Amino acid sequence: MNKGVEVSDNNNMAVKKADVIILAVKPFQVSEVLTAIKKELTGKKILISVVTGVTIGDMERYTW
């Protein structure tokens, strides 16, 4: 039975296919991960972060 969840080790492909992205990395990894996937973060994507110590402003700086 398909639960609508797919696992991938390719962040860009995963973000491209996803409607909702959950960012769950160490705080020191946020810059690298968001910079790498920012091309795939279109206005239709929902980004949820569970990273401690990283503000929305921080995330905006890495993705704009």
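Since we're looking at a predicted model, the values are computed, not measured.
Looking only at side-chain heavy atoms (C-beta outward), V30 and V25 come within less than 4.5 Å of each other. Contact check for V15 versus L41: side-chain heavy atoms found under the 4.5 Å cut-off. Side-chain contact between L47 and L34 is present, with at least one heavy-atom pair separated by less than 4.5 Å.
Closest approach of A24 to V50, counting heavy atoms only: CB-CG2, 3.5 Å. Nearest approach of N10 to S8, heavy atoms of both residues: N-OG, 2.9 Å.
Residues F28 and V33 do not share a hydrophobic cluster, clusters being chains of Ile/Leu/Val/Met/Phe/Trp/Tyr side chains in contact below 4.5 Å.
Within a 6.0 Å sphere centred on CD of Q29, other residues, nucleotides and ligands contribute more than 12 heavy atoms.
The residue from K45, E40, K39 that alone fulfils the side-chain contact (heavy atoms from CB on, under 4.5 Å) condition with T42 is K45.
Once rounded to the nearest 0.5 Å, the distance linking CG of N11 with NZ of K16 reads 14.5 Å. Taken to the nearest 0.5 Å, the CZ atom of R61 stands 9.5 Å off from the OG atom of S31.
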side-chain contact (heavy atoms from CB on, under 4.5 Å) evaluation trace for E60 with I56: CA-CA 6 Å; E60 287 176 339; I56 292 173; 4.0 Å; yes

Test side-chain contact (heavy atoms from CB on, under 4.5 Å) applied to V54 and M59, step by step: CA-CA 7 Å; V54 178; M59 293 191 306; 3.9 Å; yes

